[in-house]
Amino acid sequence: MYLFGYRLPGMSSLILWGLLWEIVGRAKLTFFVPPLSEVIETLFSIIGTPAFQKALLETAYAFSFGVFFAVVIGIVVGILMGKNRLLDELLLPWVNVFLSAPLTALVPVLMVLFGFGMQSIIITTALFAVWIIILNSRAGVKQINRSLVDMANSFGASPMDAFFKIYFWAALPEILGGVRIGIIRAVKGVIIGQLLISIVGFGALFELYSANFLMAHFWAVLIVLFALAFTISEFLAYLERRVSYYAAKR
Amino acid sequence: MAMSQIKEDSNQTEVVKSESAVSVKNITKNYGDIEALRDMSLEFPRGQLTSLLGPSGCGKTTLLKIIAGLLEPSSGYVEVNGKSVTGPGPDRAFVFQDFALLPWATVLNNVAFGLEMRGVAKSERESIAEKYIGDVGLAGFENSYPHELSGGMRQRVGLARALSVDSDVLLMDEPFSAVDEQTRRKFQEDLLSLVQNENKTFLFVTHSIEEAVYVSDQIAILLPRPSRVSEIIRPSSFRGKGVDNIRRDPEYLDIVDDIWSSLRTYVE
Ligand SMILES: Nc1ncnc2c1ncn2[C@@H]1O[C@H](COP(=O)(O)OP(=O)(O)OP(=O)(O)O)[C@@H](O)[C@H]1O
Ligand SMILES: [Mg+2]
C-alpha cells in the first residue's frame, strides 16, 4: 500500500484500527471494549502466569494432534478420491455435507461416543479441519496431467511410487492451500471443543473471563490466539509460494 | 556397433526373434462405441525405425499406448521380443508428445526418474543420468527445473530419460511436434544417428510426411478410424547418402509425393 508516495509496511492498516480501538475504549462507550493499551498491558501480565501457560499447553496439545490427524487423513483420503472414481462417488456427498454442516451441533454426540476428555477435543479439532483438506487434495489430483501418470506407469511405478512421487507432488499447491484453511478452522474447532466438552485450555480462560466481565483479559487471550493462528497460516502461505512456480505448469 | 550386431545375429536363440522386435497381432480397440483400431497387424523390425503416419484421430497414440502396455486392447495382442505384453515393462520406454516432465524435479531427477522406478540406487542412477544429460547436449543444466528450459530442451530431457533406462524399444509419440522447425530438423538428424549408433528399435509417430520419410526405415500409413494399415513403405536408396543429401534425393521426393497423394483423399 502507498500513502502520499510512501510505501507503507505490510499490515499498517492495523495501526489505524488499533488507534480506533484505543479511542473507542477511552471513550468508555461500552464495557465490552476496553482501550487497546489496557488489553496489551493485561496481555503481558497474564502471559507469565501458570494458569495461562497451562491453558496454552493444553490447547497446543489438542490442536497439534487434531491438526496432525486432519492433515494425514485429509491428504490420503483426498488423493485417493481424486484417483479413484468409485471412492469419489461414494465419499464426495458426505465430504460436502460435513464441509458446510454446523459441526458444533455434533459435539454433544462426540461427547457421548468418546467421553469428556482430551480425546473428544482432538476429534472435534480434526473434524473442523479435515473436510477442506480432503476437498483441496482431491481437486489437486483432479487437475493432474494424465501423461505424468502414464509416464510413471510406463516406467513401472508401483501404486505407492505413483502416490508419493506423482500424485502428492502434483497436488501439493492445492494441498497446502487446504491445510492452511483447515488449520484456521481447527483453531475454531479446538476452542469450541474446549468450551463444550470439558472446560480446559483457552476455552476455560474465555469462559472464566467473560463470565466475570474481565474484558481486557478476554481480548488479550483472543489476541494471543489470533497471533498464533496468523503465524502458522503465514508460514503455510510461504510454503505455498515456494511451490507456486509449478502450480501453473502441471 | 557392427560387431555387436553380428554377435546378436550369430546367437542361435536370438535368431528367431531377431526379425521383429515388436509384433502387433490383430489388435482391435474400442472406446465405448468408438472403434479406434480394427484388426490391425504390424511388424516392427529390430534395430530399425518405423514411423506411424496417418491423419489426426486415426489411433496412432492408441496403438503406441497399447504397445507400451498402458492401454489394454479389446482383442488381439502385442509381442515384444517374442513375449506377449501384459503391461509396461523394462523392454520399452516412452517419449511423450508433451514431454511429461515432473515440474517440481530438477533435470537430473527427471532423467533419473525411470531408473528410480526400476530400483536403481541413487548414486548409480545419478551418474547414469548425468551421462545421458551430456549425450543430449544439456550438460550444465542438471539442476535446472523444466520451466526454466525451452521446449526443445525439455524434449531432450524426455529423450534422455527414455534412453537412460536402456530399453530395447523406444516408443515416441510425436516427440518433435512441440518444438520449432530448426530444432526439429536438428532432432531429426540426431535421431538418425541415434538409430545407427544405438542398437534399439524405434516406433515413431508423426503427422509430418517429410519427417516420416526423412527418418524412417519403414513407414506404416494408417487409414482413418477404424484404423488399419493401408500401406507399408520402405525407403531404400537414400539412407546411406548422408543427412544433408536426403532431402534432395529423387526417391525421397517421390515417396513424399506418393504418400501425399494416397492421404489427400482423406483430408478433403
Ligand atoms: N480415452 C478415450 N476415450 C474415448 N475415445 C478416445 C479416447 N482416446 C482416444 N479416443 C478416440 O480414439 C481415436 C484415436 O485416438 P488417438 O489419440 O489414438 O489418435 P491419434 O492418431 O493419436 O491422433 P492425433 O494424431 O491427433 O494425436 C480418436 O478418434 C479419439 O476420439
Ligand atoms: Mg496422438
Side-chain angles (χ1 to χ4, degrees), chain A residues 71 75 78-79 82-86 89 136-180 236-250, chain B residues 61-62 64-72 85-106 109-120 125 144-149 151 154 157-158 161-162 164-167 169-175 178:
Chain A
V71 166
I75 293 176
I79 291 180
K83 275 176 70 171
N84 187 315
R85 270 293 291 280
L86 188 69
E89 303 261 326
N136 262 42
S137 310
R138 170 185 176 275
V141 170
K142 283 273 173 193
Q143 53 75 53
I144 192 173
N145 178 356
R146 285 302 308 170
S147 58
L148 284 189
V149 179
D150 276 343
M151 187 277 291
N153 286 337
S154 79
F155 286 115
S158 67
M160 274 296 188
D161 282 333
F163 189 99
F164 286 110
K165 298 192 169 131
I166 305 290
Y167 287 104
F168 175 78
W169 284 96
L172 192 58
E174 280 82 4
I175 289 177
L176 286 174
V179 170
R180 190 165 52 79
L236 280 158
Y238 161 76
L239 290 185
E240 257 179 276
R241 284 194 295 276
R242 285 283 304 272
V243 298
S244 69
Y245 71 88
Y246 74 75
K249 311 182 182 66
R250 278 168 291 177
Chain B
T61 299
T62 303
L64 220 55
K65 285 191 173 171
I66 290 173
I67 295 171
L70 295 170
L71 276 180
E72 288 227 8
V85 164
T86 53
D91 46 5
R92 283 150 291 151
F94 211 108
V95 180
F96 291 83
Q97 175 174 12
D98 63 354
F99 320 137
L101 302 182
L102 307 174
W104 52 85
T106 59
N109 287 334
N110 264 296
V111 174
F113 185 80
L115 295 162
E116 185 182 354
M117 292 300 104
R118 291 181 186 180
V120 178
R125 68 174 183 251
S144 302
Y145 286 86
H147 70 272
E148 299 165 335
L149 306 178
R154 287 181 210 176
V157 177
R161 179 177 60 197
S164 69
V165 292
D166 199 22
S167 307
V169 178
L170 232 57
L171 307 164
M172 311 174 93
D173 189 6
E174 299 187 41

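Lettering follows sequence order; numbering is per chain, from 1. This one's a predicted model, so the numbers in the text were calculated from it and none came from an experiment. Computation of the quantities below employed the complete heavy-atom set of this structure, encompassing side-chain atoms and omitting hydrogens, waters and symmetry-equivalent molecules.
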Flag the one option from F113(B), F96(B), Y145(B), F94(B) with the top tally of heavy-atom pairs under 4.5 Å to chain A.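 It is F96(B).
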
Among A100(B), A68(B), P90(B), P146(B), single out the residue with the greatest number of heavy-atom pairs under 4.5 Å to chain A.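 The residue among A100(B), A68(B), P90(B), P146(B) with the greatest pair count is A100(B).
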
Is it the side chain or the backbone of [X] that comes within 4.5 Å of chain A heavy atoms, both, or neither?
X       : result
E116(B) : side chain
L115(B) : neither
L70(B)  : side chain

Residue list, salt bridge (Lys or Arg N to Asp or Glu O under 4.0 Å) with R146(A), at least two apart or on another chain: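 Once residues adjacent in sequence are excluded, R146(A) has no partner under the salt bridge (Lys or Arg N to Asp or Glu O under 4.0 Å) criterion.
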
Would you sort out whether I75(A) and F168(A) count as a side-chain contact (heavy atoms from CB on, under 4.5 Å), showing the intermediate values? CA-CA 8 Å; I75(A) 293 176; F168(A) 175 78; 4.2 Å; yes

Residues in side chain to side chain donor-acceptor pair (under 3.5 Å) with S158(A), at least two apart?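 In terms of side chain to side chain donor-acceptor pair (under 3.5 Å), with neighbours along the sequence ignored, S158(A) is linked to D161(A).
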
When you look at CD of E72(B), are more than 12 heavy atoms from neighbouring residues, nucleotides or ligands closer to it than 6.0 Å?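 No, because the 6.0 Å sphere around CD of E72(B) holds 12 heavy atoms or fewer from other groups.
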
Quick one: does R242(A)'s side chain get under 4.5 Å of L176(A)'s, heavy atoms only?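 No, too far: nothing below the 4.5 Å cut-off.
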
